[in-house]
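Here is the structure we will look at, set down as structure tokens.
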Amino acid sequence: MADASGRRDEPLVLGIETSCDETGVGIVRGHTLLADAVASSVDEHARFGGVVPEVASRAHLEAMVPTIQRALKQAGVAASDLDGIAVTAGPGLSGALLVGVSAAKAYAYALGKPLYGVNHLASHICVDQLEHGALPEPTMALLVSGGHSSLLLAPDITSDVRPLGSTIDDAAGEAFDKVARVLNLGFPGGPVIDRIARDGDPDAIRFPRGLTGPRDAAYDFSFSGLKTSVARWIEAKRAAGEEVPVADVSASFQEAVVDVLTRKAVRACKDNGVEHLMIGGGVAANSRLRAMAERRCEDAGIVLRVPRPGLCTDNGAMVAALGAEMVARGRSASAWDLSADSSLPVTDPHVPAPPHAPDHDHGDGHDHGHSHGDGHSHDHFHELSKDNLYS
């Protein structure tokens, strides 16, 4: 039976995201978002000009339980109603990831629910299902954030994600932060540069477009040279005693970044015969990137899919979305010895239990309506009195 919260026979999954500085908890039923609770520690990092791993880890510890409780309240569901717990197992900051993985294991174990360790990058792709429906197969994905600039081909988001190209130095979001620092605009740099660039001329300064020559890698990115070029231009102006036109610098720098990103993404779609392009990650919230991608995709006959800005940045909803897809497609749950992997490759959309691992059983003697594709029920090897722990 369908209702405002999705079909009751679709998997209900809670997702936990702690790969960097935001504690995200989302709850999804199928492709329907029920709750998206986020606790950010960005203000605590601002005075350092970047994310401090230890500060982020401690912030996750403090925010975890209240954020989970807030998400359950928003969704109007009890923890015992869940069909699974999904968590970002990597890539990301090791300490931050460990907080999320430990919390997910504790909740899954105590509740008697299957655990799914999923990939942060694959989650950024899957979140688009919450806004635009099921992903076409295959989908081309351009993921751009503070840590990643990647072109990925995803024939199956739960089991087959193929890297075509990535950054060889600074990621796009990292370049935004570093240029903002040179311009004394604060941290994080992406939103403020996007805002200031609206009053600037994107053609005022011709900054370099990295790796766009005929002999360069077709799908790889490089923004270190661009960042250095901007810094030297600003330094020359200041050395000459001239005022730096912040709006024009911001607009011209931003134009160089989005020109390269969209040009390579459209080329990847054409070269691989893919008709859909999905853009995700924090930089996907950039207004100029969205506008240029829309124009270039329309000219190339490519369907563009970009989630709303709130779903582009790190959040628990994207993890829950991928977890729900894992359940729906019968992917195997993760083992209880699941650990964080700071360099988990995108070719591993999730971390299944090894073939010899004991089956995960819900521990309550009931079938929760979702097969995990291995012919076994997932019964935990323990029995807890859960009524007094979770409502």
Side-chain angles (χ1 to χ4, degrees), residues 3-6 8 10-44 55-89 92-93 95-118 120 123 127 130 310-311 313-324 326-327 333-334 336 338 340 362-364 368 380 382 384-391:
D3 62 13
S5 61
R8 293 295 181 183
E10 292 179 322
L12 180 67
V13 175
L14 181 145
I16 297 173
E17 155 60 26
T18 62
S19 67
C20 193
D21 62 335
E22 291 178 318
T23 308
V25 179
I27 298 177
V28 165
R29 188 188 296 279
H31 295 168
T32 303
L33 177 61
L34 304 184
D36 182 20
V38 178
S40 177
S41 62
V42 66
D43 291 341
E44 299 176 48
V55 172
S57 299
R58 290 180 180 274
H60 289 313
L61 281 170
E62 295 174 0
M64 183 59 64
V65 172
T67 308
I68 289 176
Q69 292 174 338
R70 180 154 51 98
L72 290 168
K73 184 176 181 180
Q74 285 180 8
V77 300
S80 57
D81 297 330
L82 297 169
D83 295 306
I85 307 286
V87 62
T88 299
L93 301 174
L97 289 168
L98 281 170
V99 176
V101 169
S102 298
K105 290 165 73 172
Y107 274 89
Y109 190 89
L111 290 166
K113 308 295 181 180
L115 171 71
Y116 295 86
V118 301
H120 178 81
S123 297
V127 74
L130 303 180
L311 292 180
T313 54
D314 292 349
N315 59 80
M318 69 187 201
V319 179
L322 184 52
M326 295 292 174
V327 176
S334 300
W336 291 118
L338 173 71
H362 292 100
D364 54 10
H368 287 255
H380 292 177
H382 70 291
L384 297 176
S385 176
K386 299 183 269 301
D387 293 340
N388 62 342
L389 294 177
Y390 300 96
S391 58

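With hydrogens and angles disregarded, a donor-acceptor distance shorter than 3.5 Å links the side chain of T18 to the backbone of A96. Side chain of H60 to backbone of C20: a donor-acceptor contact under 3.5 angstrom is found. Without hydrogens or angle criteria, K113 side chain to Y107 main chain gives no donor-acceptor distance under 3.5 Å. Using a distance-only test at 3.5 Å, with no hydrogens or angles considered, no donor-acceptor pair links the side chain of D83 to the main chain of V13.
Under the side-chain contact (heavy atoms from CB on, under 4.5 Å) criterion, A104 pairs with I16, I85, V87, L115, sequence neighbours left out. Remark: S123 pairs with no residue by the side chain to side chain donor-acceptor pair (under 3.5 Å) rule, at least two apart or across chains. By the side chain to side chain donor-acceptor pair (under 3.5 Å) test, T313 is found to be paired with no residue, residues two or more places apart in sequence or in another chain being considered. Under the rule for a side chain to side chain donor-acceptor pair (under 3.5 Å), N315 has no partner lying at least two apart in sequence or in another chain.
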Donor-acceptor pairs under 3.5 angstrom involving side-chain atoms of residues 66-73: please list them, not counting sequence neighbours.
from : atom 1 : to  : atom 2 : distance (Å)
T67  : OG1    : A63 : O      : 2.6
R70  : NH2    : V38 : O      : 3.2

Open item on the list: Show, in sequence, the C-alpha distance, side-chain angles and deciding distance for V99 and L61, and conclude whether the side chain to side chain contact (heavy atoms under 4.5 Å, CB included) test is met.
Closed with: CA-CA 6 Å; V99 176; L61 281 170; 4.0 Å; yes
- [ ] Could you give me the CA-CA distance, side-chain angles and deciding distance for L322 and Y116, then say whether side chain to side chain contact (heavy atoms under 4.5 Å, CB included) is met?
- [x] CA-CA 9 Å; L322 184 52; Y116 295 86; over 6 Å; no
TODO: Start with the C-alpha gap between D314 and H120, add the side-chain angles, then the distance that decides, and say whether side chain to side chain contact (heavy atoms under 4.5 Å, CB included) holds.
DONE: CA-CA 9 Å; D314 292 349; H120 178 81; 3.2 Å; yes
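Note that CE of M318 and CG of L311 are 10.0 Å apart. Values are rounded to the nearest 0.5 Å. Here the straight-line distance linking atom OG of S80 with atom CG of L111 works out to 7.5 Å at 0.5 Å rounding. The distance from the CZ atom of R29 to the CG atom of L82 is 9.5 Å, given to the nearest 0.5 Å.
For the residue pair A320 and G26, the shortest heavy atom distance occurs at CB-O, 3.5 Å. Shown here for A324 and P11, the closest heavy-atom pair between the two residues is O-CG, 3.5 Å. Nearest heavy atoms, A75 versus I27: CB-CD1, 3.8 Å. Shown here for D21 and A56, the closest heavy-atom pair between the two residues is CA-CB, 4.3 Å. Considering every non-hydrogen atom in both A103 and M64, the closest pair reads CB-CG, 3.6 Å. Smallest separation of non-hydrogen atoms from A86 and G323: CB-CA, 3.8 Å.
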